[in-house]
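Step one of this worksheet: look at the structure below.
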Amino acid sequence: MMEVVSLEQFMAGIEKRNPGEPEFHQAVHEVAATILPYIADKPIYHDMQILERMTEPDRIVSFRVCWEDDDGNVRVNRGWRVQFNNSIGPYKGGCRFHPSVNQSVLKFLGFEQQFKNSLTGLPMGGGKGGANFNPKGKSNNEVMRFCQSFMTELCRHIGPNIDVPAGDIGVGAREIGYMFGQYKRLTNKFEGVLTGKGLEFGGSLIRAEATGYGAVYFLQCMLDRINGSLDGATVAISGSGNVATFAVEKCAQLGAKVLTMSDSSGYIHDPAGIDAGKLEWIKELKNVRRGRISEYAEQFPGATFHAGRPWAVACDYAIPCATQNEIDEGEAKLLVRNGCKGISEGANMPTEVAGINVFQDAGILYGPSKAANAGGVAVSGMEMSQNSVRVSWSEEELQKLLLETMQRIHDRCFRYGEGKGKDGRCDYLLGANIGGFVKIADAMLAYGVQ
Ligand code: NDP
Ligand code: 2IT
C-alpha cells in the first residue's frame, strides 16, 4: 500500500523535481488541492500513483528554431512540444508564440489541457507547444519563415493519430496556414495534423468563434441554474485577440453590454457598450491592420483608453480572455466590491490562487478555465472528426454541438461540485478538476504500470 500524502508533501515533491517553474507549480497545486481529498478513500489511485504520473509529462521536445529576418540577419529562437498525456486520445493542444514562453508556461498549459480535453468528452489527450518568438512588429514574410522553420523540426513529432497542435496566443489562422503548408510539403501528406485550419484546406466552421462563444455559454449555463441572465447585464472583458473578440460578439448577441477590451498596453472603456458594428471595426484592426486597442478610443467618441487592466470598471460579470495571472487578489476584491456576480475564464489560468479564493469566499459564480474555455478544443476535436471522414459539417450543426458540449461540461462540473462551495453552492473548480480527472485516471488504471 502506498502512503496517502498530504498536499504539502505532494507539492514539495513537485517543486523539487521541477525547479524554477512557478506557473507549473501553480497549476498542479490548484488541481492537487481538490484531487487529493477526492482520492483519499480510493486506494487504487494511490497504489497506482495516478496523480504522480499525471504530473509528469510523457515527454518534452525542445529544439532550435533558426530563421532569417528581412534584413538578412540570422535569428535563433527555442521551440517546444510538451506531450503530457495520451491516455484518452492523441496529444492535443495549442501552440503559443510569445516572448514570455518557457518550459514552465508550456508545462502548466499542457497539464491543464489534459483535464480540459477530458471534460469535452472527446477522445483527446493533452499537450501544448510553442516558442519564445515575438510575432509583434514582424513582417508576414518573417512570420512565414519562422513558422516553416518551427514546423521543419516539429513535423517529426506530430501526426493525426499522434499529436495534433492548434493555435493559442500569437498563433492564429495565418500561422496555422504556414505551418500546415510546410508539414504537407515535408511529409507529402495532406492530413488533419493541425486544427484551426483555413476552410479551403480542411478547417471547420466556427472554430474561430468556439472558445469565446463557449466561455459565454458556460457563464449562461451557470446563470440558468440560478435564474440569472446576461440580458441587460454589463460585462468586462480583457484581451482583444481571438478569444476576447468572440466573447464580446456572443455577449452582445445575448443582450449584454460589454464595457471593456484590452491588450498588453492597456484597456479601453466604452460606457455605451461594444456593439456588433464596433466589433467589426476591431476585427479589421486586429486581424488585418494588426493594430493596437488604444486606437478604439480615437475612433469611437465617449470611449477612453487607460493603462493597466480593466478590472476597476464596475460590471455584473467579468470574462478574462488575455493571459495567465491577469487577475490578482486586489483586483478580485475590487471586482467583488464593485458588484461583480460571476467570472467565466476564457484565458488559461487567468486568476491567481488568492484571487480564486476571493471569488469563492464571496460566493459568486466562478467558471474555471479548464471548463469555461473548452469550447475551442472541443470544436478542434470536431475538426479532427471531419478530417478523418473527409466531410464538412454545416454551421448550424456545429453551433448546436458547441452549445450542447458546453452544457454537458457544465453538467459534469456540477455533478462533482454540487453543494461543495460556500453555503452549499456549486464549487465549479472542484467539479472541473474531478470531472476531468476520473476518465484519464481510469484509462491509466486499465493500462497497468507504464
Ligand atoms: P491572441 O494572441 O489572439 O490574443 C491575445 C490577447 O491577449 C491580445 O489582446 C494580447 O495583447 C493579450 N495578451 C497576451 N499576453 C498578454 C500579457 N502578457 N499581458 C497583457 N495582455 C496580453 O490569443 P488568444 O485569444 O487565442 O488567447 C487568449 C487566451 O485564451 C490565452 O490564455 C489562451 O491560452 C487562451 N485560450 C485560447 C484558445 C484558442 O482557441 N485560441 C482556447 C482556449 C484558451 P497584445 O496584442 O498586446 O499581446
Ligand atoms: O488552450 C486551448 O485549449 C487552446 N489553445 C486550443 C487547443 C486546441 O487544440 O484547439
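Counting convention: from 1, in listed order, for ligands and their atoms alike. This chain uses plain numbering: 1 for the first residue, then up along the sequence.
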Side chains of [Y] and [X]: any donor to acceptor distance under 3.5 Å?
X: N141; Y: S139; result: no
X: K257; Y: T234; result: no
X: E397; Y: S394; result: yes

Report yes or no: is the cationic atom of [X] (NZ for Lys, CZ for Arg) closer than 6.0 Å to the six-membered ring centre of [Y], at no more than 45° off its axis?
X: K333; Y: F359; result: no
X: K107; Y: F24; result: yes
X: R309; Y: Y267; result: no

With heavy atoms under 4.0 Å as the rule, classify the contact between N348 and ligand 2 as side chain, backbone, both or neither.
-> side chain
Could you identify the single nearest non-hydrogen protein atom to [atom] and state the distance to 0.1 Å?
atom: atom 12 (C) of ligand 1; answer: A322 CB, 3.9 Å
atom: atom 41 (N) of ligand 1; answer: N242 OD1, 3.6 Å
atom: atom 7 (C) of ligand 2; answer: G94 N, 3.5 Å
atom: atom 47 (O) of ligand 1; answer: S264 OG, 2.4 Å
atom: atom 9 (O) of ligand 2; answer: K92 NZ, 2.6 Å
atom: atom 2 (O) of ligand 1; answer: G170 N, 2.9 Å
atom: atom 33 (C) of ligand 1; answer: D168 OD1, 3.2 Å
atom: atom 4 (O) of ligand 1; answer: G241 CA, 3.3 Å
atom: atom 32 (O) of ligand 1; answer: N348 N, 3.2 Å
atom: atom 24 (P) of ligand 1; answer: V243 CG2, 3.9 Å

Taking the side chain as every heavy atom from C-beta outward, state whether F300 and I268 have any pair of such atoms under 4.5 Å apart.
-> no
Using side chain to side chain contact (heavy atoms under 4.5 Å, CB included) as the criterion, point out the one residue from K128, R81, M151 that pairs with C95.
-> R81
Inter-residue atom distance R292.CZ - E298.CD, 0.5 Å rounding = 12.5 Å
Any chance you could measure M384, atom CE, to T195, atom OG1, to the nearest 0.5 Å?
-> 7.5 Å
What are the two closest heavy atoms between P90 and P123, and how far apart are they?
-> CD-O, 3.6 Å
Closest non-hydrogen contact found for K370 with K116 is O-CG, 3.1 Å
For ligand 2, which atoms, with element, lie under 4.0 Å from some heavy atom of [X]?
X: A166; value: 8 (C), 9 (O), 10 (O)
X: R207; value: 6 (C), 8 (C), 10 (O)
X: K128; value: 1 (O), 2 (C), 4 (C), 5 (N)
X: K116; value: 1 (O), 2 (C), 3 (O)

Option among E331, E345, Q324 that satisfies the side chain to side chain donor-acceptor pair (under 3.5 Å) test with T351 = E345
Do side-chain atoms of T260 reach the backbone of I237 as a donor and acceptor pair under 3.5 angstrom?
-> yes
Answer yes or no: is there a donor N or O on one side and an acceptor on the other, between the side chain of S118 and the main chain of Q114, under 3.5 Å?
-> no
Report yes or no: does [X] have a heavy atom closer than 4.0 Å to ligand 1?
X: G346; result: yes
X: S262; result: yes
X: R292; result: yes
X: M349; result: no
X: R96; result: yes

Check each atom of ligand 1 against the heavy atoms of [X] and keep those under 4.0 Å away; list them by number with element.
X: C321; value: 28 (C), 29 (C)
X: A347; value: 29 (C), 30 (O), 32 (O), 35 (C)
X: H98; value: 15 (N)

Going by distance only, is there an N or O of S380 that falls short of 3.5 Å from an N or O of ligand 2?
-> yes
Does the N or O separation between G167 and ligand 2 drop below 3.5 Å for any pair?
-> yes
[X] versus ligand 1: do any nitrogen or oxygen atoms come within less than 3.5 Å of each other?
X: S265; value: no
X: R207; value: yes
X: Q324; value: no
X: G239; value: no
X: S240; value: yes

Judged by non-hydrogen atoms, does [X] sit under 4.0 Å from ligand 2?
X: R96; value: no
X: M124; value: no
X: E112; value: no

Any chance the rings of F84 and Y91 have centres within less than 6.0 Å?
-> no
Is the F150-F63 ring centre distance short of 6.0 angstrom?
-> yes
Is there a ring-ring contact (aromatic ring centres under 6.0 Å, His included) between H410 and Y428 once you walk through the steps?
-> CA-CA 8 Å; H410 169 274; Y428 283 100; 5.2 Å; yes
Proximal candidate to [atom] [heavy atom criterion; set [options]]:
atom: atom 42 (C) of ligand 1; options: D263, V377, T211, N325; answer: T211
atom: atom 27 (O) of ligand 1; options: L109, V105, I169; answer: I169
atom: atom 17 (C) of ligand 1; options: T245, T323, N287; answer: T323

Pick one of side chain, backbone, both or neither for how K136 approaches ligand 1, counting any non-hydrogen atom pair under 4.0 Å.
-> side chain
Hey, what's the ring geometry for W67 with F146, parallel, tilted or perpendicular (30° and 60° as the breaks)?
-> perpendicular
Taking 4.0 angstrom as the limit, do E142 and R75 come out as a salt bridge?
-> no
For ring-ring contact (aromatic ring centres under 6.0 Å, His included), just list the numbers for F190 and F180, CA-CA rounded to whole Å, side-chain angles, deciding distance to a tenth of an Å, and then say yes or no.
-> CA-CA 9 Å; F190 190 107; F180 185 77; 5.2 Å; yes
